[in-house]
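Take a look at the structure below.
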There are 2 protein chains.
Amino acid sequence: MKVLIIEDDPLHRSYLNEAIRAALPECDGVLEAENGNTGERLARDLRSSHIVMDLQMSQRNGIEAARTIWKERPETRILFWSNYSDEAYVRGVSRIVPAGAVYGYVLKSASDDRLKLALRSIFIESQCVIDREVRGMQQKSLGNVNGFTEAEYEILIDIALGLTDRAIAQRRNLSVRSVQNRLQQLYVKLGVYQPLGGQDDDGRFNLRARAVAVAFLRKLLNHSALERAEADLSAWLARQPRD
Amino acid sequence: MKVLIIEDDPLHRSYLNEAIRAALPECDGVLEAENGNTGERLARDLRSSHIVMDLQMSQRNGIEAARTIWKERPETRILFWSNYSDEAYVRGVSRIVPAGAVYGYVLKSASDDRLKLALRSIFIESQCVIDREVRGMQQKSLGNVNGFTEAEYEILIDIALGLTDRAIAQRRNLSVRSVQNRLQQLYVKLGVYQPLGGQDDDGRFNLRARAVAVAFLRKLLNHSALERAEADLSAWLARQPRD
DNA sequence: TGGGACCTTGCGGGTTCCCGCAGAAAAGAT
DNA sequence: ATCTTTTCTGCGGGAACCCGCAAGGTCCCA
């Protein structure tokens, strides 16, 4: 068994390397890649099916890399080892994990033992391991207490990208009014909606822009999510005939 | 001489610790804090005037911490040791460094030697050290090729927070029309302006929201900048009498 | 088979945004 | 002191946004 590390911080990389050797004596080789691109290439060339990777790398982020890796070989086992449990990341990951895949998500703040345990669980015992904090995030994200529907998330991204109502309607195959409905719904959930009576900060906020701000502050959105969305968008735009 | 480390990643912390001991044999003590809050407290209690800190920590970010530390003791020497050279960070730092202060900004990707050299330069020779990449950022940011005025940056933040034109006018003591002028100017600089003829993506983008998106993608804005801005905003709102 | 919950769509209108035009005011330059 | 350049400001109007109201649609459950 060989393990591939994809992580851009050299310190973390060597730490991981040691941890893997210690936790998995049956492993006969550890490879390292320092960004998503070379990681993908190595995974393809060497047919690695055991990967540990960071999300948030400068060159090409972990989610992108994982997506293409899983697309080529869905049985690959991936342990995500990340600093953050931002909703944007958690959601991003759970959107790309193939049905039945074995994977893990542990935070860098977790203890040594925890990491080693996760390594064994995933790579040896074929069992998923998701940190409790991350799982909490998932619950909140998928359950509905303070949770966002796919539709709501979608429209949040669309306004974060700066699309107009009309463009969103076109993109999502809806009428303009429906788009506005979803927006209203989003505003309510984000707590930026102003129910007419409230003279408090009335008129101070542009709801559309405010919603994006709040989403960022709550880490519903982050840089890499935006980047992905922007890439999707420009692909769609290119596909769009001149109206 | 004692050195205080403020850094939330334990690996990086211990690496820093070693580097400091190696580079500064004359130093007789290294202290560690794992977030901005305890860092500030330690700095105050122990009167540390030699600090190495990360920007981007979860509890309280480096810029906040540095601001209060420098407010209390402007002669403190601070070396910022960060992963990123985002314009938002660079600008954030240069906004708070007191006149004549000795400080440094080196990237975590820099070599061992580079870090040690920076430590000696700043703490022993009282000389500022700013990584070339960061300096490049500063140039771009302060010079005006693709650079943003303070005014433009200010209004960018205001719309990113979700304020309306009217609210911005109030906050910045301008007429609404002036705010809109500045917005137009910003749109031009961000390349989102649509000069009437362009039927290309005409109407696809909401300029206001698009500007924020582009700013995020270009790292003119980032999470911690938004957080700071949000804090400033709510302070201002509290100070604002009911209109 | 008839509610109930939810989503979609059209209509209408009040508000905000976007911005060309043009005059006043401020800041520099010669 | 005068000229230029930049910034601020009001006016006006077209477009986009925000949203209450109300009429279908769909899906599920009893």
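Treat the numbers as computed from the prediction; the structure is a model and nothing was measured. Note on naming: letters A, B, ... go to the chains in the order of the sequence lines (proteins, then strands), and numbering restarts at 1 for each one.
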Point to revise | Cation-aromatic face contact A:R91/A:Y153, 6.0 Å, 45 degrees | key: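 Ring-cation test returns yes.
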Write down the distance between [atom1] ([X]) and [atom2] ([N]), rounded to a whole number of angstrom.
X	N	atom1	atom2	result
A:R210	D:dC18	CZ	C1'	17 Å
A:F205	D:dC18	CZ	C1'	17 Å
A:L163	D:dA16	CG	P	13 Å
A:E154	C:dT8	CD	P	11 Å
A:N206	D:dC18	CG	C1'	10 Å
A:L186	D:dC18	CG	P	11 Å
B:R166	C:dT16	CZ	P	6 Å
B:R208	D:dC17	CZ	C1'	11 Å

Check your understanding: Could you write nucleotides 7-12 of chain D as a row of B, S and -, 5' to 3', where a protein heavy atom under 4.0 Å of any base atom gives B, of only sugar-phosphate atoms gives S, and otherwise -?
Key -> -BBBB-
**Study point:** Atom CD of B:E133: over 12 foreign heavy atoms under 6.0 Å
**Key:**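 Count not over threshold, so no.
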Check your understanding: Are B:V52 and B:E7 close enough that some pair of their side-chain heavy atoms sits under 4.5 Å apart?
Key ->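 No - every pair of side-chain heavy atoms lies 4.5 Å or more apart.
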**Study point:** Contact check, side chains of A:Y89 and A:S224, non-hydrogen atoms, under 4.5 Å
**Key:**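 Yes, side chains in contact.
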Practice item. Run the salt-bridge test on B:K108 and B:D54 with the 4.0 Å N-O cut-off and return the result as yes or no. Key: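 Salt bridge present between B:K108 and B:D54.
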Practice item. Determine, for A:D131 against A:R114, whether the closest basic-nitrogen to carboxylate-oxygen distance falls under 4.0 angstrom. Key: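 Salt bridge: yes.
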Review point. Does any donor atom in the side chain of B:E40 or B:T68 lie under 3.5 Å from an acceptor atom in the other side chain?
Key: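 Their side chains do contain a donor-acceptor pair, which is all the 3.5 Å distance test asks for.
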Review point. Where the side chain of B:T164 is defined as all heavy atoms beyond and including C-beta, which of C:dC17, D:dA16, C:dG20 is the nearest nucleotide?
Key: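 Nearest nucleotide to the side chain: C:dC17.
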Exercise for review: Kindly calculate the angle separating the two end axes of the helix from C:dT1-D:dA30 to C:dT30-D:dA1, each obtained from five base pairs, and round it to 10 degrees.
Suggested key: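 One end's axis against the other's: 30°.
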Practice item. Identify, with sequence neighbours excluded, every residue that meets side-chain hydrogen bond (donor to acceptor under 3.5 Å, both in side chains) alongside A:R67. Key: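 In terms of side-chain hydrogen bond (donor to acceptor under 3.5 Å, both in side chains), with neighbours along the sequence ignored, A:R67 is linked to no residue.
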Exercise for review: Kindly state whether the ring of A:F216 and the ring of B:F216 have centres lying under 6.0 angstrom apart.
Suggested key: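 Yes, the ring of A:F216 comes within the 6.0 Å limit of the ring of B:F216, centre to centre.
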Point to revise | Phosphate OP1/OP2 of C:dC17: any B:Y187 side-chain N/O under 4.0 Å | key: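 False: B:Y187 side-chain N/O out of range (4.0 Å or more) of C:dC17 OP1/OP2.
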